[in-house]
Amino acid sequence: MIEDIERVLLEESIILQRLDDLAQKITLDYQGKDLTVISLMNGSFVFMADLLRRIPLPLQIDSWSISSYHGTRTSGRVEFRQNHIADVKGRHVLILDDILDSGRTLRAVFDRLEAESGATNIRSCVLLDKKVQRHTPFVADYAGFEIPDEFVVGYGLDYNERYRNLPFIGVLKAEAIARHAR
Ligand code: 5GP
Ligand code: MG
């Protein structure tokens with residue numbers, strides 16, 4: 001698995017250091033508020049676990065299964081895989097996602113929450129913010145790292161469901177992309 005990585009972009013220790021800062025900021029901002037964190041699966045599971053254990057607030061957690069990527073390209077269609085969503089009426093909601101790319105996913109999630117949830121306030125927190133021309137304008141309220149426009153894997157992020165369990169974030173070799181294409 002590790003032999004398929006061309007280059008490590010973010011080591012685990014660097015990610016965890018940054019999560020300390022993000023968590024501190026979030027903890028201050030949501031002091032005394034009723035907070036529900038909604039994380040977008042599967043990509044956010046490692047980020048969610050590491051970030052939330054650094055936030056000593058009485059928050060609630062929900063997760064939504066969402067997909068928009070196929071291979072190394074965004075499909076342009078955001079698919080919600082469940083109908084039930086947690087009751088967040090009157091609550092502050094923080095959406096966690098692994099990476100902000102075209103902006104379509106977070107836009108669709110915000111649209112749905114704004115239309116259906118009755119939440120008091122909705123914000124977003126992403127681990128990675130890709131420097132690209134967004135298809136849909138979107139600015140994250142909290143972001144861990146700005147990264148160049150490259151396809152990355154690890155720390156929860158996959159390529160056709162592989163590599164999510166790598167502890168760091170890296171760029172795949174072209175030959176690995178070709179080998180696991182479908
Ligand atoms: P957006 O809807 O903003 O284009 O894309 C967000 C979703 O696409 C992310 O939640 C993530 O699942 C996927 N994605 C975007 N860029 C990458 C990338 O570089 N690597 C991986 N593995 N997934 C990505
Ligand atoms: Mg995702």
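Order of listing sets the numbers, starting from 1, for every ligand and every atom in it.
Val171 and Val132 are assigned to two separate hydrophobic clusters, defined by single-linkage of ILVMFWY side chains at heavy-atom distances under 4.5 Å. Taken together through direct or relayed side-chain contacts under 4.5 Å among Ile, Leu, Val, Met, Phe, Trp and Tyr, Phe80 and Ile122 form part of one hydrophobic cluster.
Heavy atoms of Gly103 come nearer than 4.0 angstrom to ligand 1 in at least one pair.
The shortest N/O to N/O separation between Val152 and ligand 1 falls below 3.5 Å. Polar contact check, Tyr159 against ligand 1: no nitrogen or oxygen pair lies under 3.5 Å apart. Taking any N or O of Leu106, backbone or side chain, none lies under 3.5 Å from an N or O belonging to ligand 1.
Annotation: cation-pi pair Arg123/Tyr142 absent, no NZ/CZ under 6.0 Å from the ring centroid and within 45° of its normal.
Shown here are the salt bridge (Lys or Arg N to Asp or Glu O under 4.0 Å) partners of Asp21, two or more places apart in sequence or in another chain: Arg18. Contacts of Arg164 classified as salt bridge (Lys or Arg N to Asp or Glu O under 4.0 Å), with partners at least two apart in sequence or in another chain: Asp158, Glu161.
In this structure, Leu100 CG and Cys125 SG are separated by 11.0 Å, a value rounded to the nearest 0.5 Å.
At a 4.0 Å heavy-atom cut-off, ligand 1 touches Lys130 through the side chain alone. For Asp98, every heavy-atom contact with ligand 1 shorter than 4.0 Å involves the side chain, none the backbone.
When each atom of ligand 1 is checked for a heavy atom of Thr105 under 4.0 Å away, the hits are 1 (P), 2 (O), 5 (O), 6 (C), 7 (C). If you number the atoms of ligand 1 from 1 as listed, the ones under 4.0 Å from a heavy atom of Glu150 come out as 19 (O). Near Ser102, with a cut-off below 4.0 Å to any heavy atom, the atoms of ligand 1 are 1 (P), 2 (O), 3 (O), 4 (O). Below 4.0 Å from some heavy atom of Asp158 lie the following atoms of ligand 1, by number and element: 21 (C), 22 (N).
Smallest separation of non-hydrogen atoms from Leu16 and Tyr155: CD2-OH, 4.1 Å.
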